[in-house]
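What follows is a set of notes on a single structure, which appears directly below.
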Amino acid sequence: MTATLAAPATSGGAKTRINDFSIQVATVNGSGSQTANTVLLRAIFQMGVLVSGKNLFPSNIAGLPTWFTIRASAKGYVARKASNEMLILMNPETAKDDIAKADPGALVIYDEPLQLDKLRSDLAYIPVPFQKLVTASCPEPKLHKLVKNMIYVGVAARLLGIDMEEVKKAIAKQLKGKAKAVELNQTACTAGYDWAMENLEDQDHIKVIRDNKTQGLIIVDGNEACALGALFAGVTVVGWYPITPASSLVETFIEYAEEYRKDPKTGKSTVAIVQMEDELASAGVVLSAGWAGARSMTSTAGPGISLMSEFIGMGYYVEAPGVFFNVARTGPSTGLPTRTQQSDVELCAKASHGDTQHINLYPGTMEECFQFSYDAFDLAERFQTPIFVVTDLDLGMQNWSSKPFAYPAKPYDRGKVLNQQQLADMQDWGRYKDVDGDGICYRSLPGTPGGKGAYFTRGSGHNAYAQYSEKPEDYLAVVDRLKRKYETAKTHVPGPVFRNLGSDKGVLAFGSSDPAVIEAQDILAEAGLKTDYLRLRALPFTAEIDAFVKEKKVVYIVEQNRDGQMANLFRETYPEYATKFKSVLHYDGHAIDAKCIVDQITAFEQK
Amino acid sequence: MTTATPSAPNPPATPTNKLGFTKQDYVGSKSTLCAGCGHDAITAQIINAAFESNLEGYRVTKYSGIGCSSKTPAYFINQGWGFNSVHGRMPSIATGASLANRNLINIGISGDGDSMSIGMGQFVHAVRRNIPMIYIIEDNGVYGLTKGQFSATADKGSHLKSGAVNDLPPIDPCTLAIELGCGFVARCFSGNPKQLNTILKAAFAYEGTVVLDIISPCVTFNNHDASTRSYKHVKDHDFPLHDLGFIQYSEVEDVEIPAGQTEIVTFPDGSKVAIKATHEGYDPTDRFGAMKAVHESMAKGEFLTGLLYINPTQPPLPQVLNLVDEPLNSLGEAQLKPSEATLNEIMQALM
């Protein structure tokens, strides 16, 4: 240990916030601040404190402002918090504005030459001579910009009471295998720490005290969790096209596939991954590979789903399986490509022209990102249709702590596929005949020998034998059966999760809103308003959701879009209860926070 | 590989191929195209070539987009699986399925509208990736199914039946394919069945992408005197490049190649194409020479037909991706799902 800190003093009136605070770091995009911020987050995590990180970054490679928020919570709340107790201001462009928006009493670490201390009198200023410290600790001038950020990690570690050994460990973890970079960054970080030790008075505003809340937990983002789900689900064909915030899902998958999807004898690959020319082609690859019997997927965001929609409708109508990950971002159009939103709800529920209905999965935790991705491949093959796994930038690209993922022991469900023998034994096989009454037909795979089972797949009208038909009765038989198939899915998709406090007032949310809703539910309960919370995890709506909607006097539907898209689906599905649904919305591109939910529900209640 | 048995007993006189199939085993449903359509002549030659090449019907997949041409996969090889997809996107359908099962024999049928307008992006990239498929463009210079609009291959100055004149230059699928690195580029005329038959048989032996542009006049919308893609016009302006002989690989039979002014190209499976050039000095293995010859002939208003360019050494996509030899769709959980220990190892790394 480099230095020992005294226990935080609780003098000065306000109580010290132990393991319960937010830090916002303002930097310039492309300056290497992501590494520094992750190190700070990881060091707090290693101190046994539950912590979450949100990277608010621009759609830009280098030069534009970026903010990273780290929230530590003794109670385990991991949603974004709208207020911050510490600011680290490294970006001259935004510093004045950041100061103007700061919460009273905040500690402000800043680059000394910015001279921010005259702007407001209700903040605690900590000027740091970053350039001087960098020059002294790093011999190579061209690396100064990169290691400068590590200095603020050292300063913050000292002020927060984080053990320097944990910081060093975090650096080693973050820069795994790059010995020189590890040493360089550890040196810079220590320089910041030592400088703070000698030059700054300790503070008692916010502190990290060692705890045991993170024992055995992992830190992961949703894209990686989904990639791992697909890896264990045995995906064999991936067609994709880069798009923020979905690219890292496939990119992480590629890294894992390099290691875990090579035939041990030949070194050859058991998965085909092709970066296609656009999202349309990606969708074609996914559906045709599924049609031919592979487990296939793509990963995209809203604009990609828009482009894929023609194919998705075809997949629905010809009944070809495929998994479509939508890591949603802020729309419409290009929107805010690096900001989060849940505004593709209706798009993914009904993608394409004509009458279409799709099975959607909405993971809300990292474990669910993993498990639902695994399940999506089973559902795709069971239901012979495109399956959407809908996450968002907040789930997909931010750091979340999680329990380690449980091994998905359930064997693959390859669905109703007839082999050569089964085809030979069948008297009257029709590709689109509903033999079992569940709307799901038996299919054959191209290349099956034996002279039976060949059929013609077409996006145009067809009958039960896959023959071209324009007859009204043939058309109705197919589209009505597809509706039946969707009904069958109700007993196969994951049901909701409840957090009931015993109330006739319901709160309903899905996906990344979960942590903010849990926190809001507790705040409301403390203020005397108990609610029952249902977290929706899939489309179609299951029987438990029917019951919830029927029972509750009011259902507050929390979602991150302007138009209350999920509420629209509820009004459409349950027209007799349409007036029960009240929209609680957050859609400015930032991750949702508890306060906005509390405020809106309180306002409804006071009406 | 399992050999399928013929689906019906045949009268003794009916000839069978090496697999014991009759030509009837390679037919499809009845065509619903206009009587006399060039596309039907192409369908007939696909049936003949598949029969003569001893194709295993169950391995055949047939892909198409939207348009008159795209209806035709229903009219041949009913033993194979068909996929009539969306407009201009046939290549991505062929890509996904050919990766899912590398044992499939993939035939894509498209039209000039489907490939050179709405589907240009997918055409270009499928060729660039060298996916294993025969990509046939049934090229009539006109949108038939929407009743006679110009397509992107229509010659500048050509007329529609209505009298409208095309003011824009055409896109040529063949030179484009050569530019993109395609290793088998040919042009045929639907009214020259012998040449088409030989080229199709060679195409069946080729491993990567074959681009086959077949001038196929539209009898309804583009067969009038002012059209440059009418039967009469093409018949008068069709200049076959060379005599072509295709010899399918066989372990039993010795292959005899005629001597003289003949070039022989050997495919990876051992099949050979013997090319006797009728154009002086034409060498179908010379990429730039092929481009030059096509451009010169276009300038003269000719349709140069035959095997324009061949390079049988290019690895197809499954090979480029270093995929396992077994079809991916046949891999089971044992080969695909990592162990519990592996998951724990990954989880440890994330702690």
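Chain A is the first sequence line, chain B the second, and so forth, proteins listed ahead of strands; every chain is numbered from 1.
For the pair Met351(B)/Leu217(A), no side-chain contact is recorded, criterion being any heavy-atom separation below 4.5 Å from C-beta on. Contact check for Tyr256(A) versus Ile346(B): side-chain heavy atoms found under the 4.5 Å cut-off. A 4.5 Å side-chain heavy-atom check between Leu321(B) and Lys268(A) finds every atom pair outside the cut-off. Taking the side chain as every heavy atom from C-beta outward, Trp291(A) and Thr61(B) approach each other to under 4.5 Å. Residues Tyr58(B) and Pro446(A) fail the side-chain proximity criterion, which asks for heavy atoms closer than 4.5 Å. Inter-residue side-chain proximity for Leu99(B) and Val274(A) is flagged as met; some heavy-atom pair is nearer than 4.5 Å.
For Phe370(A), the part lying under 4.5 angstrom from a heavy atom of chain B is the side chain only. With a 4.5 Å cut-off on non-hydrogen atoms, Gln467(A) does not touch chain B at all. In this structure, chain B has a heavy atom under 4.5 Å from the side chain of Arg261(A), while its backbone stays farther away. Lys173(A) touches chain B through its side chain: at least one heavy atom from C-beta onward sits under 4.5 Å away, while N, CA, C and O do not. Of the two parts of Ala320(A), neither the backbone nor the side chain holds a non-hydrogen atom closer than 4.5 Å to a non-hydrogen atom of chain B. Residue Arg42(A) touches chain B through its side chain alone, counting heavy-atom pairs closer than 4.5 Å. Heavy-atom distances place no part of Val286(A) under 4.5 Å from chain B, backbone and side chain included.
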Set out, in order, the CA-CA distance, both residues' side-chain angles and the distance that settles side-chain contact (heavy atoms from CB on, under 4.5 Å) for Leu336(B) and Phe232(A), then state yes or no.
CA-CA 7 Å; Leu336(B) 297 175; Phe232(A) 282 81; over 6 Å; no

side-chain contact (heavy atoms from CB on, under 4.5 Å) assessment of Leu287(A) paired with Phe83(B):
CA-CA 11 Å; Leu287(A) 293 170; Phe83(B) 200 142; 5.7 Å; no

In sequence, state the C-alpha distance, the side-chain angles, and the governing distance for Leu328(B) and Val237(A), and then conclude on side-chain contact (heavy atoms from CB on, under 4.5 Å).
CA-CA 8 Å; Leu328(B) 294 177; Val237(A) 176; 4.1 Å; yes

Test log, rule side-chain contact (heavy atoms from CB on, under 4.5 Å), inputs Met314(A) and Ile93(B)
CA-CA 12 Å; Met314(A) 185 204 74; Ile93(B) 292 291; 4.1 Å; yes

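Listed here is the closest heavy atom pair of Gly267(A) and Asn322(B): O-ND2, 3.7 Å. Across Leu331(B) and Arg414(A), no two heavy atoms sit closer than the pair O-NH1, 3.7 Å. Considering all non-hydrogen atoms of both residues, Ala289(A) and Ala100(B) come closest at O-CB, 3.7 Å.
Here the CG atom belonging to Leu343(B) is positioned 7.5 Å from the CG atom belonging to Leu228(A), to the nearest 0.5 angstrom.
Of the listed residues Tyr412(A), Phe45(A), Phe405(A), the one with more heavy-atom pairs under 4.5 angstrom with chain B than any other is Tyr412(A). Options Ser460(A), Ala292(A), Ala294(A), Ser269(A) differ in how many heavy-atom pairs under 4.5 Å they form with chain B, and the most are formed by Ser269(A).
Taking a cutoff of 4.0 Å between a charged side-chain nitrogen and a carboxylate oxygen, Glu277(A) and Arg129(B) qualify as a salt bridge.
A donor-acceptor pair shorter than 3.5 Å can be found between the side chains of Trp81(B) and Ser444(A). If you check the side chains of Lys337(B) and Tyr374(A), you find a donor sitting under 3.5 Å from an acceptor.
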